[in-house]
Undergrad: 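Provided herewith is a single structure, encoded as structure tokens, for subsequent inquiry.
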Amino acid sequence: MPASTIADIRTITCSPGRNFVTLKIVCEDGTYGVGDATLNGRELAVASYLADHVAPCLIGRDAHRIEDIWQYLYRGAYWRRGPVTMSAIAAVDMALWDIKAKRAGMPLYQLLGGAAREGCMVYGHANGETIDDTIEAARDYAAQGYRAIRLQAGVPGLAKTYGVSSDRYFYEPADADLPSEAAWATHKYLPSVAPLFAAARDALGWDVHLLHDVHHRLTPIEAARLGKDLEPFRPFWIEDPVPAENQQGFRLIRQHTTTPIAVGEVFNSIWDAKQLIEEQLIDYIRATVVHAGGITHLRRIAALADLYRIRTGCHGATDLSPVSMAAALHFGLSIPNFGVQEYMRHTEATDAVFPHAYRFADGMMHPGDAPGLGVDIDEALAETHPYRRAYLPVNRLEDGSMHDW
Ligand code: EZ4
Ligand code: CO
């Protein structure tokens with residue numbers, strides 16, 4: 001049997017501070033690769049998809065045949081797309097690229113065409129209950145060398161808002177074993193953002209990139225209003241201004257504002273982005289390796305986006321494990337149209353379970369030069385952190401209607 005034959009597949013579910021699902025594919029000669037399969041709040045569905053439905057089909061196949069295995073799992077499932085399927089395929093894809101690069105004795109970015117830049121610019125999350133707290137946090141990020149900073153402040157009159165954490169550096173929205181409930185009021189939120197950006201420009205100047213996540217909570221016309229309000233402060237982007245199921249909504253926003261738009265952290269395939277890209281309704285595509293079918297599929301999305309000068313801005317919150325972060329950095333270093341990479345620090349407990357070669361310096365990250373992805377999982381340590389059910393919160397309007405969180 002060839003040395004690269006897939007001999008064993010393990011799905012590892014652990015919770016070193018938060019839940020992660022990790023796939024490990026082991027070849028006949030003991031070479032192995034890891035892939036991230038974490039789908040926040042729905043982890044066990046992907047773990048079962050992999051263990052019960054994918055693993056039996058892969059034993060005995062040649063790990064080198066990445067494209068064929070991708071097509072086999074995508075077309076072969078008959079049921080196409082969807083976050084569970086695409087996260088499972090992503091995990092297999094990442095693990096296979098890890099194996100191929102390890103067998104080649106190269107860091108993965110070399111196999112993807114080599115470094116197209118010196119590093120990947122990342123943005124950090126500055127947040128606080130008040131504008132002053134948020135500006136103080138942003139100054140701290142600037143002092144650490146960050147060139148791009150996301151600003152999220154509490155909204156006066158709302159008890160708890162997405163993006164505002166109790167800890168300066170660590171933010172974990174999946175914080176309860178049943179979804180916690182928060183209140184939302186657009187008329188309170190909308191006027192609160194421009195003053196935050198005004199204060200940030202006063203405090204930090206114009207050289208730093210400033211970002212903001214709307215987190216799907218507006219209608220197209222409300223998002224257009226926000227885009228216009230922020231124009232004087234030149235944001236790098238506003239993110240997820242509206243839910244993207246209605247892709248035409250973005251045209252309406254575009255008709256009113258030149259503020260750049262980023263979208264796609266919940267996308268799971270190129271089809272979610274096709275119209276937005278082809279009609280040039282967005283500026284940054286945020287699809288990720290883990291939720292959008294792995295490196296193989298994300299390269300396809302980036303290539304389509306590049307035709308229209310749309311750049312990447314991949315999702316990189318804490319629910320994307322260090323395996324995803326490593327994969328994102330190899331991908332980002334090698335493609336022509338990299339824009340920025342989100343970077344939320346993992347806790348020490350998470351980093352201990354996933355030793356990695358990637359590093360931060362000068363506002364940029366580099367995947368490192370270890371063969372493969374340059375990230376591993378300490379299975380014995382992972383076992384000491386068993387899965388704990390955890391959900392993202394939900395939002396309700398003041399009259400009790402469900403809203404987007
Ligand atoms: O709410 O990753 O830009 N980052 C984000 C994240 C998402 C979580 C959902 O799992 O919007 O904080
Ligand atoms: Co977001």
Side-chain angles (χ1 to χ4, degrees), residues 15 17-21 36-46 83-84 86-87 90 122-127 141 146 148-154 160-167 169-176 179-180 182 184 189 193 209-218 223 226 235-244 260-268 272-273 276 282-292 312-325 328 339-347 350 388-395 403-405:
S15 191
R18 69 156 354 278
N19 290 320
F20 295 109
V21 177
D36 182 20
T38 308
L39 184 62
N40 208 358
R42 298 292 186 271
E43 295 87 358
L44 300 184
V46 189
V84 175
M86 297 306 279
S87 299
V122 294
Y123 69 91
H125 285 204
N127 67 84
Y141 277 98
Y146 281 81
I149 301 170
R150 191 184 89 159
L151 303 171
Q152 307 290 138
K160 221 168 171 278
T161 320
Y162 164 77
V164 180
S165 71
S166 41
D167 185 290
Y169 292 124
F170 300 106
Y171 175 51
E172 196 45 78
D175 60 356
S180 56
W184 178 254
Y189 162 74
V193 191
H209 300 299
L210 299 177
L211 297 74
H212 180 69
D213 191 348
V214 183
H215 223 253
H216 319 269
R217 290 167 303 196
L218 298 180
L226 179 65
F236 185 86
W237 76 33
I238 55 171
E239 171 184 335
D240 290 334
V242 294
I261 298 170
V263 74
E265 67 182 46
V266 303
F267 289 2
N268 54 70
D272 291 325
L276 295 174
I282 59 171
D283 302 281
Y284 295 92
I285 179 72
R286 285 180 51 71
T288 64
V289 279
V290 54
H291 300 130
T312 61
C314 296
H315 189 203
T318 42
D319 47 307
L320 289 91
S321 90
V323 179
S324 275
M325 181 53 67
V340 72
Q341 168 66 50
E342 182 177 21
Y343 174 48
M344 264 175 97
R345 257 169 271 233
H346 288 113
T347 60
T350 298
R388 294 165 45 198
R389 193 176 68 196
Y391 286 97
L392 292 168
V394 298
N395 255 346
H403 194 66
D404 302 279
W405 171 67

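Fair warning: this is a prediction, and the values are worked out from it, not measured in the lab. Order of appearance sets the numbers: ligands from 1, and atoms from 1 within every ligand.
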Undergrad: Do Y284 and I261 have side chains that approach each other closer than 4.5 Å (heavy atoms only, starting at C-beta)?
TA: no
Undergrad: Any idea which protein heavy atom is nearest atom 1 (O) of ligand 1, and the distance to it?
TA: H215 NE2, 2.7 Å
Undergrad: How does R150 reach ligand 1, by side chain, by backbone, by both or by neither, if only non-hydrogen atoms under 4.0 Å count?
TA: side chain
Undergrad: Less than 4.0 Å between a side-chain N and a carboxylate O, is that true for E342 and R286?
TA: yes
Undergrad: Answer with yes or no whether the side chains of N268 and H291 bring together a donor and an acceptor at under 3.5 Å.
TA: no
Undergrad: Give a rough value, rounded to 10 degrees, for the angle at the Co ion (ligand 2) between atoms OD2 of D213 and OE2 of E239.
TA: 90°
Undergrad: So which heavy atom in the protein is nearest atom 7 (C) of ligand 1, and how far is it from that ligand atom?
TA: E265 OE2, 3.5 Å
Undergrad: Taking 4.0 Å as the limit for heavy-atom contacts, which would you say applies to Y171 with ligand 1: side chain only, backbone only, both, or neither?
TA: neither
Undergrad: Is E265 close enough that one of its N/O/S atoms sits under 2.8 Å from the Co ion (ligand 2)?
TA: yes
Undergrad: In terms of atom number and element, which parts of ligand 1 are under 4.0 angstrom from non-hydrogen atoms of E342?
TA: 3 (O), 4 (N)
Undergrad: Looking at atom 12 (O) of ligand 1, what's its closest protein heavy atom, distance included?
TA: Y162 OH, 2.7 Å
Undergrad: Is the shortest side-chain N to carboxylate O distance from K160 to D175 below 4.0 Å?
TA: yes
Undergrad: With distance as the sole criterion, is a donor-acceptor pair present between the side chains of S321 and S324 under 3.5 Å?
TA: no
Undergrad: Are side-chain N/O atoms of R150 and N127 paired as donor and acceptor at under 3.5 Å?
TA: no
Undergrad: Which residue supplies the protein heavy atom nearest to atom 2 (O) of ligand 1, what is that atom called, and how far is it?
TA: D319 OD1, 2.6 Å
Undergrad: So, is E342 placed with an N/O/S atom under 2.8 Å from the Co ion (ligand 2), counting both backbone and side chain?
TA: no
Undergrad: Measure M344 to ligand 1 on non-hydrogen atoms and call it side chain, backbone, both or neither using the 4.0 Å cut-off.
TA: neither
Undergrad: State whether a side-chain donor-acceptor pair under 3.5 Å links T318 with E172.
TA: yes
Undergrad: What protein heavy atom lies closest to atom 3 (O) of ligand 1? Include the residue and the distance to one decimal.
TA: E239 OE2, 2.9 Å
